[in-house]
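Note: hydrogens, waters and symmetry copies are ignored here, and every other heavy atom, side chains too, is used. Being a predicted model, the structure only gives us computed values, none of them experimental. Order of the sequence lines sets the chain letters (A, B, ...), proteins ahead of strands, with each chain counted from 1.
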Protein chains: 2
Amino acid sequence: MKKFSLEEVKDLDLTREIDQLKKTFFKNSTAVMDHAVLFEYEPKEMVLTLGTELDHIYFILKGRAKIYMVHENGKRSLVQFIHGADMIGELSLLEVEKQTKDIMAVDKLTCLAIPIAIAKTILLHDNLFMNDLSKYLAQKLLLRVNHFANGQNYELKYRLATYILEVEVNGMYVEKKTETAEFLGVSYRHLFHTLTLFQQEGLLLKKGKHFLINKPALKTLEIKNFF
Amino acid sequence: MKKFSLEEVKDLDLTREIDQLKKTFFKNSTAVMDHAVLFEYEPKEMVLTLGTELDHIYFILKGRAKIYMVHENGKRSLVQFIHGADMIGELSLLEVEKQTKDIMAVDKLTCLAIPIAIAKTILLHDNLFMNDLSKYLAQKLLLRVNHFANGQNYELKYRLATYILEVEVNGMYVEKKTETAEFLGVSYRHLFHTLTLFQQEGLLLKKGKHFLINKPALKTLEIKNFF
DNA sequence: ATATTAATAGGAGATATATCCTATTTTGAG
DNA sequence: CTCAAAATAGGATATATCTCCTATTAATAT
């Protein structure tokens with residue numbers, strides 16, 4: 001993990017993302033920017049580990065990260081992917097989370113970090129920020145509930161078809177299969193089994209390491225309102 | 001559904017619950033009380049049906065309700081039970097929900113209702129309320145994610161044991177089995193199968209329609225941090 | 001009171017998904 | 001460039017859970 005001051009930003013090509021932040025979350029609280037620093041994590045680096053006490057709240061500027069819940073029995077589940085404009089530590093800011101979850105960078109991850117103490121004294125008293133924060137939390141809530149409820153109600157083939165249609169790039173499904181399995185909450189083995197079925201049924205065609213997708217066929221399995 | 005004005009409250013024995021509301025959510029916005037009315041629903045009455053446009057935001061004073069997500073395929077999943085001090089319509093207030101979910105009263109349900117327009121002009125500008133609302137949403141988020149992630153990671157017997165220990169009254173498990181099945185997100189049939197296993201293993205003993213629980217034995221299956 | 005609906009109870013069978021292996025290939029670190 | 005760690009690939013088997021039945025009993029509404 002590397003730290004940068006905001007002055008060093010120019011070379012990092014993050015001015016657009018930071019301007020965006022100022023215009024949304026910090027519209028009325030530009031003062032917090034005086035205390036902001038940048039944190040940069042390497043792919044697969046742990047951003048937080050279970051139970052850490054947070055001293056900053058993060059706003060993701062670039063890159064993606066995974067939030068895991070670690071279970072008693074040693075297993076863990078991917079709770080969500082987070083990325084641009086997502087926050088880390090909002091639950092700590094509001095003092096509702098006993099222990100932080102595991103968070104791991106996926107790509108190179110750059111965050112703007114505000115000391116929690118500053119956030120508490122400035123942001124929590126900024127009504128515009130609180131409105132944004134509430135909306136943000138409400139959206140998260142809807143998304144998560146949708147995601148899990150779908151997982152409970154549709155078997156993998158429907159979720160997988162929907163997911164592939166969502167992340168497809170130029171008619172190709174190029175995501176890492178390990179990541180897909182985690183996101184959909186199934187074992188890697190089972191994902192593979194279903195992928196093989198999809199090939200047999202002509203929904204997918206393997207091209208090297210990736211898959212060419214049969215969009216119309218996949219559409220027949222698609223779940224509406226999944227995302 | 002019956003409507004009451006706030007003046008009729010005395011006979012309903014809700015003064016304590018309303019005082020509580022004033023002290024928390026409305027601490028700084030007692031003005032909204034001038035526009036508040038009371039809605040009372042009968043057991044099993046639908047409070048909202050899918051896609052209704054909400055004109056009030058509700059605060060539950062008494063009773064319980066179930067929130068369902070209705071899926072494309074006709075199935076539905078219980079998203080959560082809500083009860084005293086829970087809100088209905090917060091997502092509409094924040095304008096993040098396209099369509100409301102199905103909500104059904106379980107017992108007799110009494111809510112204090114504030115017109116959405118009033119809530120938007122008063123509550124959304126009340127920083128204390130916004131803080132409470134954010135905390136409320138953050139807690140909901142944690143609870144839901146926990147619940148579903150647990151469901152994904154532990155098989156029924158662990159969740160059931162944990163649930164029974166949570167809702168047990170004087171050493172008896174008296175909940176309706178249909179409700180338990182919905183809450184734990186499994187088929188009624190499978191719940192029953194597991195209940196039978198529990199009896200064979202001496203974790204439960206049927207007493208009429210209810211079950212006498214073997215606490216120490218159930219404890220061995222309990223999931224920590226489930227609720 | 002009577003009719004209807006919901007809850008309880010459980011048999012039989014199917015299946016979606018997990019667990020546990022073993023190999024090969026690819027990627028990343030030093 | 002080399003080695004270790006992930007990712008990909010898939011066989012075999014087990015099982016948690018579902019679906020589809022059929023009764024019986026309890027609750028609720030007319």
Strand contacts (DNA chain D) in residues 180-194 of chain B, 4.0 angstrom heavy-atom criterion: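 Only B:Gly185, B:Val186, B:Ser187, B:Arg189, B:His190 qualify.
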Atom-pair distance (CG on B:Leu156; P on C:dA18), nearest Å: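 Going from B:Leu156 (CG) to C:dA18 (P), I get 16 Å.
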Students often mix this up, so state it plainly: with edges at 30° and 60°, are the rings of [X] and [Y] parallel, tilted or perpendicular?
X	Y	value
B:Phe59	B:Phe25	tilted
A:Tyr154	B:His71	perpendicular
A:Tyr58	A:Phe39	perpendicular
A:Phe81	A:Phe183	tilted

Axial cation check for A:Phe211 ring with A:Lys209, 6.0 Å and 45° limits: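 That pair does not qualify as a cation-pi contact.
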Bending between helix ends of the helix from C:dA1-D:dT30 to C:dG30-D:dC1 [5 pairs per end, 10° resolution]: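 Nearest ten degrees gives 70° for this helix.
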Touch class at under 4.0 angstrom, heavy-atom based, for B:Lys157 against every strand present: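 Touches nothing.
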Toward the 5' end of DNA chain D, by each residue's nearest nucleotide, B:Lys44 or B:Tyr154: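 Result of the comparison: B:Tyr154.
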Let me check something: any side-chain donor-acceptor pairs from residues 212-227 of chain A under 3.5 Å, sequence neighbours excluded? List them with distances.
from	atom 1	to	atom 2	distance (Å)
A:Asn214	OD1	A:Ala217	N	3.3
A:Asn214	ND2	A:Gly202	O	3.0
A:Thr220	OG1	A:Ala217	O	2.6

Anything under 3.5 Å between a donor and an acceptor, one on a side chain of residues 186-197 of chain B, the other on a protein residue two or more places apart or in another chain? List them.
from	atom 1	to	atom 2	distance (Å)
B:Ser187	OG	B:His190	N	3.1
B:Thr194	OG1	B:His190	O	3.0
B:Thr196	OG1	B:Phe192	O	2.8

Side chain to side chain donor-acceptor pair (under 3.5 Å) against A:Asp102, all qualifying residues, sequence neighbours excluded: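 A:Asp102: no side chain to side chain donor-acceptor pair (under 3.5 Å) contacts found.
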Spacing of CD belonging to A:Gln80 relative to NZ belonging to A:Lys66, to within rounding of 0.5 Å: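 Result: 13.5 Å between the selected atoms.
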Span of DNA chain D in contact with chain B (heavy atoms, under 4.0 Å):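 Counting from the 5' end, contacts occupy D:dA16 to D:dA27.
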A:Ile57 vs A:Ile88 side-chain heavy atoms within contact, under 4.5 Å: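 Side chain of A:Ile57 against side chain of A:Ile88, heavy atoms only: no contact under 4.5 Å found.
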